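What follows is one structure encoded as C-alpha cells, with my remarks underneath.
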Amino acid sequence: QVQLVESGGGLVQAGGSLRLSCAASGRIFSSYAVGWFRQAPGKEREFVAAIRWSIPSTYYTDSAKGRFTISRDDAKNTVYLQMNSLKPEDTAVYYCNLMRGAGTLRDYYGMDYWGKGTLVTVSS
C-alpha cells in the first residue's frame, strides 16, 4: 500500500520561499508520477506540478511556472516542491498524490493516495 506524507509547510512573507517534501513508501510503478496539488480556503483542489517517478519529466500549471520547481530524490523516495517568490494567493493546504496516465504528464490524472497535506500561509 502506497503512503504519501507531506511536510515543510509554514508561514512565510510574500516574496519568500518554502520547500515542501512528499515522502513516499510502498511500491510505485515507474510509469506513475507524483503530483502536488493545493486547496485554498473556499476553493476546489487544483493541480500545481508533477514529476514522473522514473524519468526527469516535469509539468507545471501556469501559476507555478518560473516560481516553483518540482524534483525527486530517488534514494530517499521523496519528491520536493521548491516554491520561490511566494504570493498571498499561494496560501493553501498542499497535498501530494500519485498520478497515472498515458502520453505526456499533461494527460495524467490523480489517483486516490492523498496525504494529509501541509499548510502554506503567505502573508502580505
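Fair warning: this is a prediction, and the values are worked out from it, not measured in the lab. Position 1 is the first residue of the sequence; numbering continues from there.
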Give the table of side-chain donor-acceptor pairs shorter than 3.5 Å for residues 1-11, with sequence neighbours excluded, one pair per line with atom names and distance.
| residue | atom | partner | partner atom | Å |
| --- | --- | --- | --- | --- |
| Glu6 | OE1 | Lys116 | N | 3.1 |
| Glu6 | OE1 | Gly117 | N | 2.9 |
| Glu6 | OE2 | Cys96 | N | 2.9 |
| Glu6 | OE2 | Gly115 | N | 3.4 |

Handout entry: Trace of the side chain to side chain contact (heavy atoms under 4.5 Å, CB included) decision for Met111 with Tyr32
Key = CA-CA 10 Å; Met111 301 173 69; Tyr32 286 179; 3.8 Å; yes
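Nearest heavy atom pair, residue Leu81 against residue Trp36, reads CB-NE1, 3.5 Å. Here the closest heavy-atom approach between residue Ala14 and residue Ser124 is recorded as CB-CA, 4.3 Å. Lys87 approaches Arg67 most closely through the heavy-atom pair CG-NH1, 3.8 Å. Residues Ser17 and Ser85 come closest through the heavy atom pair OG-N, 4.4 Å.
Shown here are the side-chain hydrogen bond (donor to acceptor under 3.5 Å, both in side chains) partners of Lys76, two or more places apart in sequence or in another chain: there are none. For Arg72, the salt bridge (charged side-chain N to carboxylate O under 4.0 Å, His left out) partners are Asp74, not counting sequence neighbours.
With a 4.5 Å cut-off between side-chain heavy atoms of Ile, Leu, Val, Met, Phe, Trp and Tyr, the cluster of Tyr109 takes in none. Connectivity analysis of hydrophobic side chains (ILVMFWY, heavy atoms under 4.5 Å, direct or indirect) links Trp114 to Phe37, Phe47, Tyr59, Val93, Tyr95, Met99, Leu105, Tyr108, Leu119.
Placement of Phe29 and Ile55 in two distinct hydrophobic clusters is found when ILVMFWY residues are connected by side-chain heavy-atom separations under 4.5 Å, directly or transitively.
Note: Leu98 CG to Tyr113 OH = 6.5 Å, rounded to the nearest 0.5 Å. Note: Ile70 CD1 to Gln82 CD = 12.0 Å, rounded to the nearest 0.5 Å.
Distance alone, capped at 3.5 Å, places no donor-acceptor pair between the Thr58 side chain and the Ile51 backbone.
Checked against Leu18 for a side chain to side chain contact (heavy atoms under 4.5 Å, CB included), the options Thr118, Leu86, Val122 give a single hit: Leu86.
Identified under the salt bridge (Lys or Arg N to Asp or Glu O under 4.0 Å) test for residues 29-41, with sequence neighbours left out: Arg38-Glu46, Arg38-Asp90.
Put simply, the side chain of Tyr80 does not reach to within 4.5 Å of the side chain of Thr69, judged on heavy atoms.
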